[in-house]
Amino acid sequence: MKWWTTKANDPTTVIKGNSSFEETVQQSVVLTTMESMVAWGRKNSIWPFNFGLSCCYVEMATSITSKYDVARFGAEVIRGTPREADMMIVAGTVFIKMAPIIKRLYEQMMAPRWIIAMGACASSGGMYDIYSVVQGVDKFMPVDVYVPGCPPRPDAFLEGIVLLRDKVGKEKRPLNWVIGPQGIVRPDMPAQRDLKRAERMKMTEIRPPDEV
Amino acid sequence: MTTTDNDIISELKNKFGEAILMVQPTRDEFPTVWVDAAHIAEVLKYLKNEISKPYKMLYDLTAIDEQAKVHKVHPGSKFTIVYLLLSFDRNNFIRIKVPLSSDKPSVTSITKIWPAANWYEREVYDMFGVNFEGHPHLRRILMPGTWKGHPLQKCHPARATEMGPFQLPEDKQDEEQDMLKFKPEEWGLSKSNDDEEFMFLNLGPQHPGTHGVLRLVLQLDGESIVNVVPDIGFHHRGAEKMGERQSWHTYIPYTDRVEYLGGVMNNFPYVMCVEKLAGIQIPDRAKVIRIMMSELFRISSHLVWYGTFAQDLGMMTPVFLTFYDREKLFGIVEAITGDRMHPNWFRIGGVAQDLPNGWEKMVKDFLDYFPKRLKEYDKMVMRNNIFKARTVGIGVYTTEEAIEWGVTGAGLRATGFEWDFRKKQPYSGYEQFEFDIPTAQNGDCYDRALVRVEEMRQSLRIIQQCLDNMPEGPYKSDHPATTPPIKKYTMIHIETLINHFLNVTWGPVIPAGEAFVGVEATKGHNGYYLTSDGSTGSYRTRIRTPSFPHMQFVPEISRGYTIPDLLAILGSVDYVLSDVDR
C-alpha cells in the first residue's frame, strides 16, 4: 500500500491526469488478500498487557513516556486485563512463587497472543541463578522475542517491538477453521547477533569513557 | 565503644547478671551483647520500656546459621538470633544476640513487645526454620507455602541449577493455585459481624495499583476496609543468599537491584560496610562523587514516585513530565557511569573511575533546568484540589506509631519528627554539606508527598555544593583491599604482582568480623549487616530494607478507609517490591 500526505501550505497544483474511470479505480481501490490485510491490522495495533515483574518494568514504562513513545509503533493501548491484550511483556525476574500466576495470566489471554521476554532474567534467569528464580520464562511458556539487557534500554525494548511486528505481519494464521490449511506458519526469526555481526565488526574505534 | 555504650552494658549486667553471656566487640562499634535465650523477652522489654533514653525502635531482627563458621564468637550456637534496636534519644543502636544450640531451634516471640516483630520472625522462620513460641501466625512469608526446606540454612542449595529443572505441569499449577486461596479463618479473620457478611477482595499480585507483584487481601464491610492482609514474597530474589556465594566485589551489581529505583544509592551502604570491615579510608574526591551520584538517584527515584503517585490518583499528565525529567537525569548518570538504572559503579575503596571531562556542564544544566519544573509540578499536583481531596487526612499516623512499627525516611519525617541519618549519623562527609531536613506535621498521604517534593530541592542544594567544591585527588583508595586494585602498584616486585593477581581473580580477603552500615536511602533507612569469616566472600549478608517494615505497617494505616484511599496510601508509602522481598 502506498500513501502520502500534503502539507497545509503547499501550493495547490493543477490536478494531473484525465479523471478517467481507470484512473479513479487505481486511486481508490486496494486489492489484497484477506489474510494479509488481517495480518497488517494485527501488526499495527498490538495491545500490550499491563504486566510487570521487576526492574525491567520501569524501563518498559519509560518506553511509553514522551522520549521514547511506543505509540509510534501502534502498541500504546495498555490493557489492565489479559483478556483484552494481544501481547504480554514478561518484564523482569520470573520468581518461582509467581510462575503459576504468570502462566494463568497467559492462559487468560485470547489467541493470537505473543510474548516478549524482556531482560536477562525473563530470558534465561540472568544473573539470578538462585533458588527462588525460574531460569527463563520459556521453561513453561512459549516466547516470541527475547530482548537482552539488565534491564534493556527502552530503545532495545522498542527494537523488540519492531521485531515482533515484523513477525506478526509475516505470520500465516488460518482465517477459517474448516476450509484451507490449518495451523500457524511462523516466519524464521534468526538471532540479531548473527544478522548484525558484520556491521558491528566494522566498528574499530570505541569512544573512551573519560569524555561525556 | 564510647562511655555511654559501656554504661548501657554495665546497666544490663547489673540488672540481669548471669543472663548476659558476653559482650562482643564489632567493627561498627555498636554495643553487642549476647543474652541467654530464656531471658530475651525481659531484656528487650527492659530496653524498650524501662531504662532512661529507651530503645524504642525494633530496627531489625534476623538470624545467622553459624554451623559452617570458622571464626565462631559463641562456640555453642548453631543459630544466632540478632536483634538490632535503635534509640532516638541516644542516637545509637544496640545489638542483642541470642545463641540457640538445639537442632530444632526455638525462642520466645517478641511480638507482644513489638508488634513489628511479626513479619521479621516469620521471615526468620521461613529462611532458617527457627520456631518462635507465642507468635500469632508463624507461617512462611517469602517462599511459597509448598516450599521444602529453609533457604538461608547453610545446607540449602543456593543455585536454581543445583535443584533440577523447573517444571510447571498442570497438577502442580493447580496445587499452587489452591495454596493461594485465601482462607480467612487461618488469619483469625471472621467472615461476618453481627449484621453484615464481609467481602474478601483479592488485590494483586498482578494489579496496576500495587506497583509490582504484591498481593493484598482486603476484608471489606461494604465500601470500607476492615482489614488488609499483605501477601509478599512474589519478588523474593534471594539477594541475601546470593551474598554468601559471590565474592565481596562481585556482589556489588546485586545491590543495585535491591530497591531498583535507587541505583548506586544501594551500592553505598554495602561498600561502606565492607570498607568498615577492612578498615579502608576513602579519599575525599570519592566521597563527594558518591554523595553527588546518590543525590542524583534520590531525585530520580522521587520522580518515579511523583509521577506514579499522581497517576494512582487519576492524573495522567505528571507521569509523562516526570519521566521526561528522569531521562535528563539519566543522561548525566549515563555519561558518568555508562548505565541507566543499575550502574554498579561504586567500588570497595572508591568508585569505578574518575568523572569524565565535561560532567560539570551537564550537572549545571540540570541544576538550572529542574527547579522550574518542580515549581510547575507544585502547581499541577500539590496545589490541585482533587489531589488534596484524595490525600489530606488519609492514612494518618503519629510519630509514636511510626517508631513502633520501624518506619524511617520520609514517612517518619512527615509526622513532624526531624530525623535524617545524613544529619544525625553523618557518613561519607555529609556533615560538611548545608541542607535542611524537610518535615511536615500531620503524617497523612499529602504530607508524605510534601516531604519528598522538598527533599528533591534539598538534593539539588547538595548537588550544587558537590559541583562547586569537588575536591581534587584520587577517586580510589590506595589500601591493598581496594577492588579492583590500582594498576600502578602492580609491577614493582613479585609480591605486588601476586597481590594484584589474587585481588583481581579471587578478590580481597576481608578480616573476620561484623559490621552494620546504613544510609538514608530513597525509601527510608537502608542498611547492610555483613559478617565476614575471613574469606573472599561474605559469611552472612543481611539487608535491612526500609520497605519491609513499611509494608507491614500498611494494614495499620488503612483500616476504616475505602479502596481508593488504600491506593493513595500505597502510593504515598513509596515502596518497591524488590525492597520488600529482596
Side-chain angles (χ1 to χ4, degrees), chain A residues 49-59 61-69 78-82 92-105 107-108 121 125-137 139-141 149-154 207-212, chain B residues 142-144 147 151 156-163 165-168 172-173 176-177 180 205-208 212-213 233-239 241-242 245 253-254 257 260-261 304 307-308 319-321 323-324 326-327 335-336 338 340-342 353-354 356-359 361-362 577-578 581:
Chain A
F49 175 32
N50 189 357
F51 172 75
L53 290 164
S54 42
C55 337
C56 285
Y57 181 66
V58 185
E59 289 295 61
T62 308
S63 73
I64 299 168
T65 58
S66 351
K67 188 176 170 189
Y68 298 98
D69 193 11
I78 308 285
R79 298 282 94 183
T81 158
T93 315
V94 183
F95 307 95
I96 283 183
K97 194 171 178 180
M98 195 64 193
I101 297 151
I102 299 172
K103 193 173 179 194
R104 176 147 182 180
L105 291 167
E107 283 165 354
Q108 286 176 345
C121 289
M127 53 196 276
Y128 286 96
D129 181 4
I130 195 86
Y131 58 89
S132 60
V133 172
V134 181
Q135 302 299 296
V137 73
K139 295 282 176 293
F140 60 94
M141 260 164 51
C150 188
R153 306 169 56 88
R207 204 168 57 87
D210 37 343
E211 297 292 330
V212 295
Chain B
L142 295 177
M143 301 310 294
W147 194 262
H156 192 283
R159 290 178 183 271
T161 42
E162 287 169 44
M163 298 167 64
F166 178 81
Q167 282 168 333
L168 194 56
K172 192 179 169 199
Q173 166 89 356
E176 295 285 347
Q177 290 285 351
L180 287 172
Q206 158 53 29
H207 188 281
V213 283
F234 295 99
H235 203 297
H236 179 59
R237 252 191 312 214
K241 188 87 173 175
M242 195 61 91
R245 184 176 102 198
Y254 290 93
R257 286 152 181 86
Y260 49 69
L261 296 176
V304 173
T308 52
V319 70
F320 286 90
L321 298 174
F323 269 64
Y324 180 77
R326 184 167 168 264
E327 286 302 317
I336 294 177
R340 288 159 55 90
M341 274 178 75
H342 305 321
Q353 64 182 60
D354 210 348
N357 295 327
W359 68 275
K361 180 163 187 313
M362 296 189 87
L577 261 304
S578 59
D581 297 344

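In what follows, chains carry the letters A, B, and so on, assigned in the order in which the sequence lines appear, proteins first and then strands, with residues in each chain numbered from 1.
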Any idea which of [options] has the most non-hydrogen atom pairs under 4.5 angstrom with chain A?
options: B/Pro205, B/Ser578, B/Gly212; answer: B/Pro205
options: B/Pro157, B/Ala335, B/Pro165, B/Gly233; answer: B/Gly233
options: B/Arg245, B/Gln173, B/Met143; answer: B/Gln173
options: B/Glu162, B/Arg340, B/Gln167; answer: B/Arg340
options: B/Gln353, B/Lys361, B/Met362; answer: B/Gln353
options: B/Lys241, B/Arg237, B/Gln177, B/Met242; answer: B/Arg237

Chain A heavy atoms under 4.5 Å from [X]: which part of the residue, side chain, backbone, both or neither?
X: B/Leu577; answer: neither
X: B/Phe166; answer: both
X: B/Ile336; answer: neither

Enclosure of B/Tyr324 OH (heavy-atom neighbours >12, cutoff 6.0 Å)
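No, because the 6.0 Å sphere around OH of B/Tyr324 holds 12 heavy atoms or fewer from other groups.
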For the CZ atom on A/Arg104, are there more than 12 heavy atoms of other groups (residues, nucleotides or ligands in this structure) within a distance under 6.0 Å?
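No, the 6.0 Å shell around CZ holds no more than 12 heavy atoms from other groups.
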Which atoms form the tightest heavy-atom contact between [X] and [Y], and what is the distance?
X: A/Pro151; Y: B/His342; value: CD-CD2, 3.3 Å
X: B/His235; Y: A/Leu53; value: CD2-O, 3.2 Å
X: B/Tyr254; Y: A/Met127; value: OH-O, 2.5 Å
X: B/Pro356; Y: A/Val212; value: CG-CG1, 3.6 Å
X: B/Gln206; Y: A/Asn50; value: NE2-O, 2.7 Å
X: A/Ile64; Y: B/Phe320; value: O-CE2, 3.7 Å

A/Asp129 (side chain) donor-acceptor with B/Ala160 (main chain) under 3.5 angstrom
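Checked: pair present.
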Short side-chain to backbone donor-acceptor contact, B/Glu176 and A/Pro100, under 3.5 Å:
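No: the side chain of B/Glu176 does not pair with the backbone of A/Pro100.
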Contact check, side chains of [X] and [Y], non-hydrogen atoms, under 4.5 Å:
X: A/Lys139; Y: B/Leu168; value: no
X: B/Arg257; Y: A/Tyr128; value: yes
X: A/Tyr131; Y: B/Trp147; value: yes

Starting at [atom1] of [X], measure out to [atom2] of [Y] and round the result to the nearest 0.5 Å.
X: A/Ser66; Y: B/Leu321; atom1: OG; atom2: CG; value: 6.5 Å
X: A/Ser132; Y: B/Met163; atom1: OG; atom2: CE; value: 9.0 Å
X: B/Asp354; Y: A/Asp210; atom1: CG; atom2: CG; value: 9.0 Å

What residue in [options] has the most heavy-atom pairs under 4.5 Å with chain B?
options: A/Pro154, A/Gly80, A/Pro82, A/Gly125; answer: A/Pro154
options: A/Ile96, A/Ile78, A/Thr81, A/Val133; answer: A/Ile96
options: A/Cys150, A/Gly52, A/Cys121; answer: A/Cys150

Hey, would you say the A/Phe51 and B/His207 ring centroids sit under 6.0 Å apart?
no
Are A/Phe95 and B/His236 an aromatic pair, judged by ring center distance below 6.0 Å?
no
Contacting region of A/Leu105 [heavy-atom separation from chain B under 4.5 Å]
side chain
Is it the side chain or the backbone of A/Glu211 that comes within 4.5 Å of chain B heavy atoms, both, or neither?
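The answer is both parts of A/Glu211.
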For the residue pair B/Arg326 / A/Thr62, report whether a side-chain donor-acceptor contact shorter than 3.5 Å exists.
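Yes, a side-chain donor-acceptor pair sits under 3.5 Å.
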Is the cationic atom of A/Lys97 (NZ for Lys, CZ for Arg) positioned less than 6.0 Å from the six-membered ring centroid of B/Phe234 and within 45 degrees of its normal?
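Yes - A/Lys97 lies over the ring of B/Phe234, closer than 6.0 Å to its centre and within 45° of its axis.
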